[in-house]
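Position 1 is the first residue of the sequence; numbering continues from there.
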Amino acid sequence: MLFRSMGGYNTICSVLSFDKQALIVPRVHPRQEQLIRAQRLAEVGLIDLLHPQQLTASAISHWLQSYDSRPTPARGQIDLNGLDRVSDFFGDLLNGSNTRSSLPLPLPLPLESVNYVL
């Protein structure tokens with residue numbers, strides 16, 4: 001099974017859960033969120049990335065023809081059990097046994113330190 005998809009968060013999570021080759025053609029306007037996500041996942045070898053400006057029938061054909069020569073991504077390096085982790089975290093909070101080291105949560109950034117992509 002092959003996937004061709006944009007790079008939305010839910011779609012990427014679904015694609016990664018199937019442990020199959022995926023070609024992601026992210027949306028780059030009006031925001032670059034999908035592009036950034038796809039670039040990071042491509043850098044660690046979890047997906048294949050095709051920038052929308054390079055999207056052609058021959059580019060997709062080339063990707064499909066080279067499917068057998070690519071190794072299956074090692075997706076075990078990503079924890080896809082976020083729902084279980086959140087449930088455990090809140091259970092720990094309710095029981096008063098939470099430690100910051102068991103499930104580190106990012107601290108919110110002050111609004112003035114956030115770089116917005118317009």
Side-chain angles (χ1 to χ4, degrees):
M1 178 186 298
L2 300 171
F3 291 97
R4 201 283 315 156
S5 172
M6 290 175 58
Y9 178 81
N10 290 333
T11 302
I12 291 288
C13 288
S14 294
V15 165
L16 292 175
S17 73
F18 284 105
D19 205 25
K20 301 293 181 188
Q21 292 288 343
L23 176 64
I24 304 299
V25 182
R27 183 182 67 206
V28 295
H29 296 289
R31 294 174 186 84
Q32 293 188 344
E33 164 226 344
Q34 291 186 5
L35 177 62
I36 293 167
R37 181 180 301 113
Q39 286 172 331
R40 298 306 175 265
L41 291 169
E43 286 170 6
V44 295
L46 294 175
I47 57 117
D48 295 319
L49 168 64
L50 181 61
H51 194 282
Q53 291 178 343
Q54 299 168 337
L55 179 61
T56 62
S58 61
I60 292 176
S61 293
H62 176 72
W63 182 77
L64 288 169
Q65 290 169 353
S66 65
Y67 173 73
D68 290 332
S69 65
R70 288 191 306 272
T72 302
R75 298 223 169 94
Q77 60 188 305
I78 290 186
D79 180 1
L80 295 175
N81 297 314
L83 187 56
D84 293 335
R85 292 177 54 119
V86 167
S87 175
D88 291 344
F89 175 74
F90 283 109
D92 289 347
L93 276 178
L94 292 173
N95 294 327
S97 61
N98 179 50
T99 61
R100 296 289 292 172
S101 61
S102 66
L103 181 62
L105 293 177
L107 296 175
L109 294 172
L111 288 178
E112 53 276 353
S113 69
V114 176
N115 292 325
Y116 293 95
V117 178
L118 301 178

(request) For the residue pair L41 and I12, establish whether any side-chain heavy-atom pair is separated by less than 4.5 Å. (result)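 Yes. Closest side-chain heavy atoms under 4.5 Å.
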(request) For residues L16 and I47, determine if any side-chain heavy atom of one lies less than 4.5 Å from a side-chain heavy atom of the other. (result) yes
With a 3.5 Å cut-off and sequence neighbours excluded, list the donor-acceptor pairs that the side chains of residues 50-57 form with protein atoms.
{"from": "H51", "atom 1": "ND1", "to": "Q53", "atom 2": "N", "distance (Å)": "3.1"}
{"from": "T56", "atom 1": "OG1", "to": "S58", "atom 2": "OG", "distance (Å)": "3.1"}
{"from": "T56", "atom 1": "OG1", "to": "A59", "atom 2": "N", "distance (Å)": "3.0"}

(request) Considering non-hydrogen atoms only, spot the tightest contact between L49 and P26 and give its length. (result) CD1-CD, 3.4 Å
(request) Please report the closest heavy-atom contact between R27 and Q34, naming both atoms and the distance. (result)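 Looks like N-OE1, 2.8 Å.
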(message) Main chain of N10, side chain of S14: is a donor-acceptor contact present, judged purely on distance under 3.5 Å?
(response) yes
(message) Going by the rule side-chain hydrogen bond (donor to acceptor under 3.5 Å, both in side chains), which residues pair with S66 if we only count those two or more places apart in sequence or in a different chain?
(response) R70
(message) Using the side-chain hydrogen bond (donor to acceptor under 3.5 Å, both in side chains) criterion, which residues pair with E33? Sequence neighbours excluded.
(response) R37
(message) Let me confirm one number: the NE2-CG distance from H62 to L23, rounded to the nearest 0.5 Å.
(response) 11.0 Å
(message) Could you measure the distance from the CZ atom of F89 to the CG atom of D92? Nearest 0.5 Å is fine.
(response)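 With rounding to 0.5 Å, CZ (F89) is 8.0 Å from CG (D92).
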(request) Any chance you could pull the hydrophobic cluster mates of L35, using side-chain heavy atoms under 4.5 angstrom and chaining through other members? (result) V28
(request) Check salt bridge (Lys or Arg N to Asp or Glu O under 4.0 Å) between R40 and all other residues, then give those that pass, not counting sequence neighbours. (result)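 Residues passing salt bridge (Lys or Arg N to Asp or Glu O under 4.0 Å) with R40: E43.
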